[in-house]
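Accompanying notes for the structure given below.
Order of the sequence lines fixes the chain letters, A, B, ..., with proteins taken first and strands second; residue numbering starts at 1 for each chain.
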Amino acid sequence: MCDEVRVRFAPSPTGDLHLGNARTALFNYLFARHHGGKFILRIEDTDTERSTDEATQGILDALGWLGLEWDEGPFFQSERGDLYRTAIERLHNEGHVYRCFCSPEELEQMRNAAREAKQATYYQSEYQELPRDKSDALAEEGRKFVYRFRVPKGGATEWDDAIRGKVVFQHDTLDDFALARSDGSPIFLLSNAVDDADMRVSHVIRGEDHLTNTAKQIMILRALGHPVPQFAHLPMIFGMDNKKLSKRHGATFTLQFRDDGYLAEAMLNQLALVGWSLDDKTVLFSHEELTQHFSLERVNKAKGIFDYERLLWLNGHYIRELPLEELIRRSEPFFQFAGIELAGRDPEWLRGLFGLVQERVRTLKELPEKLSYFLTDALEYEEKSVNKFLKKEGVAALLRKTGEVAGAVEAFTIEGLEEAFRQWVEAEAIKFGQIAQPLRVALTGSDASPGIFEVMVYLGKERCLRRIDAAIERFCLV
RNA sequence: GACCCCAUCGUCUAGUGGCCUAGGACAUCGGCCUUUCACGCCGACAACACGGGUUCGACUCCCGUUGGGGUCGCCA
């Protein structure tokens with residue numbers, strides 16, 4: 001037995017990667033990296049009814065986006081049937097498992113009766129003590145059956161959870177559970193435990209919803225004579241209303257965040273902070289810092305809520321940190337979606353443009369709208385801004401003069417424009433704000449934009465003058 | 001209903017018996033900066049669920065209550 005850290009992420013491919021699962025994957029990954037161990041990816045597709053290839057691909061894509069590279073796998077349980085069949089046979093031969101010939105209806109009845117009688121367990125049948133030869137005979141008759149694990153009478157199963165401490169389940173509160181379906185295919189409880197043993201998993205880090213499964217899986221592992229891994233149960237993630245995370249709260253699928261303009265850096269940082277923290281003040285963590293500092297000891301026990309507001313703030317932070325080239329590269333798909341082509345533009349000019357709005361956006365998705373008036377001449381005027389700054393007495397004259405001043409500037413640079421406008425403002429004793437806002441609306445269509453001189457420079461003299469004239473003609477009172 | 005888990009500002013959290021008149025961050029609200037919007041900076045608001053113990057001393061330990069959550073499938 002070696003001390004190598006081996007962890008696995010074992011999603012079932014029945015849908016997109018949920019935030020909670022993404023966090024589980026992240027913690028497993030970080031734990032492996034921190035300890036120089038192995039991160040294994042295992043696809044639990046034993047439920048052929050619900051598993052799909054698209055879901056598997058989606059999970060792989062999501063992990064790829066987050067940069068959670070696995071060292072082994074992906075392994076598919078659907079291809080490992082022999083392993084589970086062998087395990088079942090052994091358990092059956094050794095008496096840990098028996099055939100249960102109950103019909104779904106009978107089981108349902110037992111459950112209802114137990115609930116009514118306020119019993120902890122419901123399963124009780126003649127098959128529990130049916131001699132093997134009788135059981136074999138029934139099977140040969142073709143009677144449908146499932147294999148059930150015989151939970152020992154009396155006693156308890158306990159383990160020392162890395163996050164929760166000692167957890168104990170009394171055996172008389174547990175029902176004999178099914179390990180294989182009537183078609184012979186293995187059920188999660190079995191395949192999961194068998195694979196963990198086969199893959200020599202040292203630490204099982206998973207969601208708290210698996211707590212009761214753990215007692216059962218430890219029993220399986222012991223019956224099979226396998227070592228029991230260290231278990232660590234992560235707290236759940238909820239939405240702001242303390243309910244299970246659902247569409248109502250916003251995006252809940254990992255890839256949705258990518259498509260909404262979030263950076264993997266921000267997502268990783270945010271996910272790490274739900275249930276884990278380093279100290280009393282650090283909130284910003286790079287991928288490297290996360291692997292450097294992560295430890296199970298600092299994982300929280302209490303449920304967490306996914307704070308979309310903080311994710312937004314983190315995303316803005318990481319966008320501001322991005323080199324301009326990188327920012328342009330990553331936002332390209334969003335421009336394409338908006339019907340704006342970036343290819344072929346002057347790189348220098350483009351960098352300047354992005355520099356103008358880098359600290360004004362919180363998602364990549366906002367970039368096209370914030371930059372559209374530079375990249376297209378089909379200007380969209382905000383009605384509110386137009387009414388407030390253009391449809392006013394005297395604005396026409398002011399804008400006309402603005403056009404003259406701007407048009408007379410030889411060096412169309414920030415400094416040149418600043419100087420020209422300063423002189424005008426001083427000569428006429430007016431406030432610059434009176435000029436700036438109407439001009440801003442005329443040039444950008446909005447009353448919020450980067451510095452007005454920057455806007456003018458990146459627009460160029462020609463377009464500035466044209467837009468000023470267009471605004472006067474279209475909106476200003478005569 | 002049975003079993004299991006959990007409980008510090010609105011949210012994420014620090015806190016492992018005295019360092020706590022409970023710290024940080026997001027959000028919110030003020031202010032500064034300023035040609036608008038952001039960014040940045042400064043400040044304010046705001047929490048130990050409740051009740052018993054243990055102790056010279058409890059946010060920290062124990063018990064109970066309440067509240068929340070999870071599981072109880074031939075799903076994972």
- Query: Ignoring hydrogens and angles, are the base of B:rC75 and the side chain of A:Arg50 linked by a donor-acceptor pair under 3.5 Å?
  - Reply: yes
- Message: Looking at B:rC41, which nucleotide sits across from it as a Watson-Crick or G-U wobble partner, both distances under 3.5 angstrom, or is there none?
- Response: B:rG31
- Query: Choosing from B:rG69, B:rU13, B:rC75, which nucleotide comes nearest the side chain of A:Arg181?
  - Reply: B:rC75
- P atoms of B:rA47 and B:rC33, separation to the nearest Å: 32 Å
- Task: Scan A:Thr46 against the nucleic acid and name what it touches under 4.0 Å (heavy atoms): base, sugar-phosphate only, or nothing.
- Result: sugar-phosphate
- Query: So what does A:Tyr122 hit on the nucleic acid, given a heavy-atom distance under 4.0 Å: a base, only sugar-phosphate, or nothing?
  - Reply: sugar-phosphate
- Message: In terms of relative ring orientation, are A:Phe169 and A:Trp159 parallel, tilted or perpendicular, with 30° and 60° separating the classes?
- Response: parallel
- Task: Scan nucleotides 26-48 of chain B nucleotide by nucleotide, 5' to 3', and note B when protein non-hydrogen atoms come under 4.0 Å of the base, S if they reach only the sugar-phosphate, - if neither.
- Result: BS-------BBBBSS--------
- Message: What's the gap between B:rG51 and B:rA14 when it is taken at their C1' atoms, as a whole Å value?
- Response: 27 Å
- Message: Please classify the nucleic acid contact of A:Val274 as base, sugar-phosphate, or nothing, using heavy-atom distances under 4.0 Å.
- Response: sugar-phosphate
- Item | Side-chain donor-acceptor contact under 3.5 Å, A:Glu105 with A:Gln109 | no
- Task: Quickly work out the A:Lys303 NZ to B:rG67 C1' distance and round it to whole Å.
- Result: 11 Å
- Message: If I take atom CD1 in residue A:Ile305 and atom C1' in nucleotide B:rG69, what distance separates them, rounded to the nearest angstrom?
- Response: 11 Å
- Go ahead and name the base partner of B:rG67; Watson-Crick or wobble counts if both distances stay under 3.5 Å, otherwise write none. B:rC6
- Query: With rounding to whole Å, what would you report as the distance between B:rC50 and B:rC9 at their P atoms?
  - Reply: 10 Å
- Do the side chain of A:Thr173 and the base of B:rC3 come within less than 3.5 angstrom through a donor-acceptor pair of N or O atoms? no
- Message: Heavy atoms only, 4.0 Å cut-off, all strands: where does A:Phe169 land among base, sugar-phosphate and nothing?
- Response: sugar-phosphate
- Query: Is the base of B:rA76 touched by the side chain of A:Asp209 through a donor-acceptor pair closer than 3.5 angstrom?
  - Reply: no
- So, A:Thr86 versus A:Glu89: side-chain donor-acceptor pair below 3.5 Å or not? no
- Tell me, please, whether A:Phe27 has A:Arg23 positioned over its six-membered ring: NZ or CZ under 6.0 Å from the ring centre and within 45 degrees of its axis? yes
- Task: Indicate whether A:His233 forms a stack on B:rG70; treat it as stacked only if centroid distance is below 5.5 angstrom and interplanar angle below 30 degrees.
- Result: no
- d(CG, A:Asp161; C1', B:rG70) in whole Å: 14 Å
- Message: For the residue pair A:Ser286 / A:Glu289, report whether a side-chain donor-acceptor contact shorter than 3.5 Å exists.
- Response: yes
- Note on the structure: Under a 3.5 Å limit on both distances, the Watson-Crick or wobble mate of B:rA25 is B:rU11
- Message: Regarding A:Glu208, tell me which of base, sugar-phosphate or nothing describes its non-hydrogen contacts under 4.0 Å with the strands shown.
- Response: base
- Integer angstrom distance from the C1' of B:rU55 to that of B:rC63: 16 Å
- Find the distance A:Leu273:CG to B:rG24:P and express it as a whole number of Å. 16 Å
- Mate of B:rG73 across any strand shown (Watson-Crick or G-U wobble, both atom pairs under 3.5 Å) is none
- Query: Does A:Lys118 place a side-chain N or O at less than 4.0 Å from the phosphate oxygens OP1/OP2 of B:rA2?
  - Reply: no
- Task: For B:rC32 versus B:rA38, give the span between their P atoms, rounded off to a whole number of Å.
- Result: 15 Å
- With C1' as the reference atom in both, quote the distance from B:rG23 to B:rC59 in angstrom, rounded to an integer. 13 Å
- Separation of A:Phe238 atom CZ from B:rC12 atom P, in whole Å? 11 Å
- Query: When the ring centroid of A:Phe149 is compared with that of A:Tyr123, is the distance short of 6.0 Å?
  - Reply: no
- Please state the P separation for the pair B:rA25 and B:rG43 - nearest whole angstrom. 10 Å
- Item | Flag for A:Arg206-A:Thr214: side-chain donor and acceptor within less than 3.5 Å | yes
- Query: Where does the angle between the aromatic ring planes of A:Tyr262 and A:Phe257 fall among parallel (under 30°), tilted (30 to 60°) and perpendicular (over 60°)?
  - Reply: perpendicular
- Query: Parallel, tilted or perpendicular for A:Phe231 and A:His233, by the 30°/60° rule?
  - Reply: parallel
- Cation over ring face, A:Arg42 and A:Phe75, 6.0 Å, 45°: no
- Query: What integer number of Å spans the P atoms of B:rC5 and B:rG15?
  - Reply: 22 Å
- Task: For nucleotides 14-19 of chain B, just jot down a letter per nucleotide in 5' to 3' order: B, S or -, based on protein non-hydrogen atoms under 4.0 Å.
- Result: SS----
- Query: Where each residue is assigned the nucleotide of RNA chain B containing its nearest heavy atom, which of A:Pro235 and A:Pro186 is assigned the position nearer the 5′ end?
  - Reply: A:Pro235
- Send over the distance from A:Lys216 NZ to B:rC3 C1', rounded to a whole Å. 10 Å
- Message: Please report the distance, rounded to the nearest Å, between CG in A:Leu179 and C1' in B:rC75.
- Response: 14 Å
- Task: Measure from NZ or CZ of A:Arg148 to the centre of the six-membered ring of A:Tyr127, then state whether that distance is under 6.0 Å and the direction lies within 45° of the axis.
- Result: no
- Query: Within this structure, what is the CD1-to-C1' distance between A:Ile43 and B:rA76, rounded to whole angstrom?
  - Reply: 13 Å
- Query: Do A:Thr444 and A:Arg440 meet the criterion of a side-chain donor-acceptor pair at a distance under 3.5 Å?
  - Reply: no
- Query: Which is true for A:Arg148 with a 4.0 Å heavy-atom rule: it touches a base, it touches only sugar-phosphate, or it touches nothing?
  - Reply: sugar-phosphate
- Query: Counting any heavy atom closer than 4.0 Å, what does A:Arg115 reach on the DNA or RNA strands: base, sugar-phosphate only, or nothing?
  - Reply: base
